[in-house]
Protein chains: 2
Amino acid sequence: MVRAASLKEVKACPVQFVLAVNDTMNVISGKWKLPIIGSLLFNKKRFTEIQRNIQGITPRMLSKELKELELNGIVTRTVYDSQPVTIEYELTPSARTLSEVLDKMVEWGVRHRKQIVVSSR
Amino acid sequence: MVRAASLKEVKACPVQFVLAVNDTMNVISGKWKLPIIGSLLFNKKRFTEIQRNIQGITPRMLSKELKELELNGIVTRTVYDSQPVTIEYELTPSARTLSEVLDKMVEWGVRHRKQIVVSSR
DNA sequence: TTAACCGGTATACAAAAGTATAGCACTATA
DNA sequence: TATAGTGCTATACTTTTGTATACCGGTTAA
């Protein structure tokens, strides 16, 4: 068994650094995961609500991506046994801490876009 | 011309939020960009040095990814007219600020991996 | 009873991303 | 002169990812 590396160790070693970043990347990679997270950011929603919210997504992809997000602990799927059953998707606490990371990405993305715009005129 | 949205506005609107995150994602997406950035994190390097550093990468992919990174202002390519010419790749200041974002991703990735491990035993 | 909504699945296909392999012009070294 | 290294590019191919389209069983409202 390999001991888990400390944060400091991970950051100091390019190989482990890349692995850890990849762990995060994989959770949000794919064309539709971010839109789904975005759609659930302020409210929990039902399947068709999400589908209507994200233009262009097919039920196949929505289903597939929701499953992966659930596996990765980003989304919970709750079945309410009303008549008929309703199913709701909601972000987990893990997704909430993830969105702090996303916030940092937003900040960098916005700054970076400005720079690209400036440097290309 | 559309006015650039403020950070606050972007964060409050899921659509713009997702767009900005995607800007950042696109810069580091692809199988080899992170390893390349990792390889250049502490030193500038030459083409074959990077190639030797990252096991499994083909010159085609290294060339392609380096070009994209250069286009996105993450890496500079400098030609020294020594005999024979040597070419060095180096991270830009933009990449340095990006690595703060990557640091956040490392932190979340490490925490998230622990959680997954814990919850699966 | 038929039409429509919900929460999906199945199948086939197209496009994007990545790999394998070979080669090229140039230079330096044995 | 032959061999090896540098910094790539070209071509063909495989794998992964995403799309299009149709359909399903259950429920409810007209």
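We name chains A, B, ... by the order of the sequence lines, and we start the count at 1 in each one.
In this structure, a donor-acceptor pair under 3.5 Å is absent between the side chains of A:Thr78 and A:Glu90. Side chains of B:Ser94 and A:Gln115: a donor on one and an acceptor on the other come within 3.5 Å.
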Return the polar atom pairs (N/O with N/O) between nucleotides 3-7 of chain D and the protein under 3.5 Å, or none.
unit_1	atom_1	unit_2	atom_2	d
D:dT6	O3'	B:Arg46	NH2	3.1
D:dG7	OP1	B:Arg46	NE	3.0
D:dG7	OP1	B:Arg46	NH2	2.9
D:dG7	OP1	B:Ile87	N	3.4
D:dG7	OP2	B:Thr48	OG1	3.0

Please write out each protein N/O paired with an N/O of nucleotides 20-24 of chain D under 3.5 Å, distance rounded to 0.1 Å.
none

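Atom CD in B:Gln55 sits roughly 12 Å away from atom P in C:dT19 (whole-Å rounding). Between the CG atom of B:Leu66 and the C1' atom of D:dT9 there is a distance of 14 Å, given to the nearest Å. Atom pair A:Tyr80:OH and C:dC6:P shows a separation of 17 Å (rounding to whole Å applied). Between B:Ile57 atom CD1 and D:dT9 atom P there is a gap of 13 Å when expressed in whole angstrom units. Atoms CE (A:Met61) and P (C:dC13) sit 19 Å apart, rounded to a whole Å. Rounded to whole Å, atom P of C:dT21 lies 19 Å from atom CG of B:Leu62. Between A:Ile50 atom CD1 and C:dC6 atom P the separation is 13 Å, expressed in whole Å. Summarising the geometry, the separation between CD on A:Gln83 and C1' on C:dG7 is reported as 15 Å, rounded to the nearest angstrom.
When the nucleotides D:dT27, C:dG18, C:dT9 are ranked by their closest atom to the side chain of A:Pro84, D:dT27 comes out on top.
The list of ring-ring contact (aromatic ring centres under 6.0 Å, His included) pairs with a residue in residues 80-108 of chain B, not counting sequence neighbours, reads B:Trp108-B:His112.
For B:Lys67, a side-chain nitrogen or oxygen approaches OP1 or OP2 of D:dT9 to under 4.0 Å. Taking 4.0 angstrom as the limit, A:Lys33 places none of its side-chain polar atoms (N or O) nearer than this to OP1 or OP2 of D:dG18.
Formation of a donor-acceptor pair under 3.5 Å by the A:Glu49 side chain with backbone atoms of A:Arg46 is found in this model. The backbone N or O of B:Asn53 sits nowhere less than 3.5 Å from a side-chain atom of B:Ser39 that would complete a donor-acceptor pair. With B:Lys67 contributing its side chain and B:Ser63 its backbone, the two residues share no donor-acceptor pair below 3.5 Å. The closest donor-acceptor contact from the side chain of A:Thr48 to the backbone of A:Gln51 lies at 3.5 Å or more, if one exists at all. For the pair B:Asn26 (side chain) and B:Asn22 (backbone), a donor-acceptor distance under 3.5 Å is present.
Not counting sequence neighbours, the partners of A:Glu88 by the salt bridge (charged side-chain N to carboxylate O under 4.0 Å, His left out) test are A:Lys44.
By the 4.0 Å N-to-carboxylate-O rule, B:Lys31 lies too far from B:Glu65 to be salt-bridged with it.
Residue A:Lys11 forms a side chain to side chain contact (heavy atoms under 4.5 Å, CB included) with just one option from B:Leu102, B:Leu41, B:Asp103, and that option is B:Asp103. Each of A:Thr76, A:Val75, A:Leu98 was evaluated against A:Leu91; a single residue qualifies, A:Val75, per the side chain to side chain contact (heavy atoms under 4.5 Å, CB included) test.
Cluster membership for B:Ile87 and B:Ile37, using ILVMFWY side-chain heavy atoms within less than 4.5 angstrom, is shared. Put simply, B:Leu34 and B:Ile36 are part of the same group of oily side chains (I, L, V, M, F, W, Y) that touch within less than 4.5 Å, one to the next.
When heavy atoms are screened at a 4.0 angstrom cut-off, A:Gln51 is found touching no nucleic acid atom at all.
Listed by residue number, the members of residues 24-31 of chain B with any heavy atom below 4.0 angstrom from DNA chain C are B:Gly30, B:Lys31.
Between the axis at the start and the axis at the end of the helix from C:dT1-D:dA30 to C:dA30-D:dT1 there is an angle of 10°, using five pairs per end and rounding to 10 degrees.
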